[in-house]
Amino acid sequence: MLLSEEQDDLRERLADLSMFSGKPLEIHDKISSTSDRMTELAKAGAPEGSLVVARTQAAGRGRLGRKFVSPEGGLYFTVLLRRKEVLGEAPTSLLMGLASSQAIDEVARVATYLKWPNDVLLEGLKVAGVLTEYAEVSDGPRLMVGVGINVNVPMKSVPFLLRSTMTSILLQTGHHFDLNDILAAVLCWFQGHLATRAEGKGPLLIGQMSDRMPLVGKEVKAKIGRETIKGRIMALTSSGALILETKSGRRTVAAGEIEQLRGR
Ligand code: BTN
C-alpha cells in the first residue's frame, strides 16, 4: 500500500473515535522523531488528537534521554493532548502503556504485561515503550505521548546489544501484523481510558495496570536518579506511583526504573 493509501485507511478506522476523527494526521516513511514533528505541529497550533506516525525514525527518543531504536517494521507514533496533568490522577503515560498492552494482546492474541512505569513486555522482553513530554506553554498545557511498538521487526534489525532485552511481535509469534490494526486498537483503548479517568474512575484503571504488573508483590531494586533503593512493591497509588516496603519503612516512588531482585 502507498503511504497515502495507508493514511486514508487509518483516517477511516479513526472515524468513530471522536478524539482523533477529522484531526491532523501525518504518516511519514522516515522522520527524525514523531515527537519532534509533533512539537512543530503543536507550536503551529495543532489541536488535541493530532497524530504523527512514522515507519522508521532516524533519531527516536526514549525515556531518561535514551535513544529508541526504530527500524522498519515497527509502529512509531505521537499523539497530542492539550490538557493539564492532574496531580493524584492516573498519569496519561501510564494510560497509554495500558492501552498499548491491551491493543497488542487483542490484535496479536498474545499476553503482554507491564513493567512500571510503562514498558510493555512480551515473554520477558520489551516490545513497546511510551515517552510522554509535558510542557506548560503560552497557549496552554501540551502533552505529547509518543509510543514505539516493535511489531514486524525481524531479528536482523535488532541491534546485537539489545537482543537480550528487546523483542518484537513478529519474533514472538512468527506472524506479521497490520500496523494500522494495532494503531487503531491502541487509540481506541486510549480514548476510552481518558474518558474513564474523566469520569473519576482512575482507580479502576490503576487496578487494571496493577493486574498487568507481575512485579507487584515482588522485591525490586528501584533507581531514582542517583539513588537506588530495595524493597517489595506493595501497590500502585492513585497517581500510578509505586509504594515500596523497604527496611526503613514505606517509600513512594513516583519516577524511575525498577529491576526485579533475583528469585524474590
Ligand atoms: C522508552 O521505552 O524509553 C520510550 C520509547 C518511546 C519511543 C516513541 S517512538 C514514537 C515517539 N517518537 C520518539 O522519538 N519517541 C517516541
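Reckoned from all heavy atoms, side chains included, excluding hydrogens, waters and symmetry mates. Order of listing sets the numbers, starting from 1, for every ligand and every atom in it.
Contact atoms of ligand 1 toward Gly148: 7 (C), 8 (C), 9 (S) (distance under 4.0 Å to a heavy atom of the residue). Near Val130, meaning under 4.0 Å from one of its heavy atoms, ligand 1 places the atoms 4 (C).
When the shell of 6.0 Å around CG of Leu64 is examined, it contains more than 12 heavy atoms from other residues, nucleotides or ligands.
In this structure, Arg66 has no heavy atom closer than 4.0 Å to ligand 1.
With 3.5 Å as the limit, one finds a donor-acceptor pair spanning the side chains of His193 and Gln102. Residues Glu106 and Trp189 have side chains that bring a donor and an acceptor to within less than 3.5 angstrom of each other. Side chains of Ser70 and Thr56: no donor on one and acceptor on the other come within 3.5 Å. Side-chain contact, Thr132 with Arg63: no donor N or O sits under 3.5 Å from an acceptor N or O.
Here the side chain of Ser238 pairs a donor or acceptor atom with the backbone of Gly88 at under 3.5 angstrom.
In terms of N/O distances under 3.5 Å, ligand 1 is approached by Arg61.
The single protein non-hydrogen atom nearest to atom 3 (O) of ligand 1 is Arg63 N, 2.7 Å, given as residue, atom name and distance. In terms of protein heavy atoms, atom 5 (C) of ligand 1 is closest to Phe68 CD1, 3.4 Å. The shortest contact between atom 2 (O) of ligand 1 and any protein heavy atom is with Lys126 NZ, 2.4 Å. Remark: minimum distance from atom 11 (C) of ligand 1 to any protein heavy atom is reached at Thr34 OG1, 3.2 Å.
At a threshold of 4.0 Å, the pair Lys23-Glu48 does not count as salt-bridged, since none of the basic side-chain nitrogens sits closer than that to a carboxylate oxygen.
Looking at Val147 against ligand 1, only its backbone comes within 4.0 Å, counting heavy atoms. Under 4.0 Å from ligand 1, not a single heavy atom of Asp36 appears.
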